[in-house]
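Some notes on the structure that comes next.
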Amino acid sequence: MDLSYILNELGEDRENYYNAMTPPIMQTSNFKSNTVDDLRKGLANEFGNFLYSRGQNPTVQILRKKMAALDGAEDCLVFNSGAAAIFAAVIANVKSGDHIVSVEKPYSWAQKIFDIILPKFGVSTTYVDGRNIENFERAILPNTKLIYLESPNSWSFALQDLAAVAELAKAEGIVTICDNSYCSPFYQKPIQWGIDLCLQSATKYISGHSDTVAGILTGSAAAIKHIFSTEYLGIGSGIQPFNAWLLLRGLRTLPLRLTHCTKTTQLVFEFLKQQDQIEDVIYPGAQDFPQAELVKKQMEGACGLMSFVLKANSLEDMEMFCNKLKHIIMAVSWGGFESLIIPACATMPRADFDASNKVHRLIRLYVGMEEPDYIINDLKQALSP
Ligand SMILES: *Cc1c(COP(=O)(O)O)cnc(C)c1O
């Protein structure tokens, strides 16, 4: 299916809403039934009918069709956050006594599900360095039901070989989930490598405008229908119609934004590489990235996130650099119009900072939609003594 067809037409039915170019926001909680029999049908099959907007909603349905097609999946659910999508996908696939193998240091709230919530229900998790397929093989136990991936990781950018993990999991009857937030479907389609469930924080590139929080989950028709009828309705964290509309609007420009972002990020990367005050730059788009072969195999491109290690002798040096930035904003999240940084030292108590530890001197940079020189000049002035 053509990308332009998906973004401009798929799922839309303009004749049904006065030929309006953009779809209406069906800001309604519930839907009327004309007969008792219609109501009975709606109650018996909420997946196939508009009954109540915690389940199906027409604006959300347009988005579901587009996102499923973008991921090369049969179906899709849209959540009120990426975290909700992770939670639903994970708990739909484990029960008491089961075991999960997760890539190490997944997104922080995924890790909290594995470390804090699931142990209460007798589900345990083993973390592995996902760069080596043998680590997955070794970690699998007879009760392993789920392998959780995030490729690339949004801090370390470590990749997993999606096809290899999918093949291993399939042979063992294990479900695979991949967090695809870094790439978005524009740069990577985990389902096409054999992964069962693909999720992403739509807060990032799908929205693209830093104005809404949302999550996307895609997979087979059967898997999605099952999750809809249990976790999706039960957790009650489906996206609201207005937020779905914002994502539809964001989607129209996804290819433009990402293409621009990739070009700019390459220039910023090259600038950072040349700076004496910078020890290392970690970027999956780099020629000398340690997993460059795998990037070439399973990703169509690299986006706007990278990390760099500042040569700093103290916490004060780290803070001075960050505080000196005038245009690059200090904030969590990424994927919007604005360039952002988060220094790793902000994630720990001041007293724990150790300048000899490279990880403590890490700064994550998100390159937004600004002109390259605007970003580079800001970095330049902050690096200058
Ligand atoms: C932001 C993010 C999430 C969580 O998404 P929310 O929309 O913030 O709930 C999950 N995974 C990754 C890699 C993220 O960057």
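Keep in mind that the numbers below use all heavy atoms, side chains included, and drop hydrogens, waters and symmetry copies. Note that ligands are numbered from 1 as they come in the structure, with each ligand's atoms numbered from 1 the same way.
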Are N243 and N80 side-chain neighbours, meaning at least one heavy-atom pair lies under 4.5 Å? yes

Taking the six-membered ring for Trp, is the centroid-to-centroid distance between [X] and [Y] below 6.0 Å?
X: F114; Y: Y148; result: yes
X: W334; Y: Y205; result: yes
X: Y374; Y: H327; result: yes
X: F157; Y: Y182; result: yes

Which heavy atom of the protein is the closest neighbour of [atom], given with residue, atom name and distance?
atom: atom 7 (O) of ligand 1; answer: T203 OG1, 2.6 Å
atom: atom 2 (C) of ligand 1; answer: K204 NZ, 2.5 Å
atom: atom 8 (O) of ligand 1; answer: Y107 OH, 3.9 Å
atom: atom 11 (N) of ligand 1; answer: D179 OD2, 2.6 Å
atom: atom 6 (P) of ligand 1; answer: G82 N, 3.3 Å

State plainly whether the residues E9 and K65 are in salt-bridge range, i.e. N to O under 4.0 Å. no

Pairing of K273 and D280 as salt bridge, 4.0 angstrom limit: no

Report the residue from R350, R361, K324 that forms a salt bridge (charged side-chain N to carboxylate O under 4.0 Å, His left out) with E319. R350

Show me which atoms of ligand 1 lie under 4.0 Å from any heavy atom of [X].
X: A214; answer: 7 (O)
X: E150; answer: 13 (C)
X: S81; answer: 7 (O), 9 (O)

If I apply the N/O under 3.5 Å rule, does A83 come out as touching ligand 1? yes

Counting only heavy atoms, which portion of W334 has something under 4.0 Å from ligand 1: side chain, backbone, both, or neither? side chain

Applying a heavy-atom cut-off of 4.0 Å, say which part of S181 lies close to ligand 1: side chain, backbone, both or neither. side chain

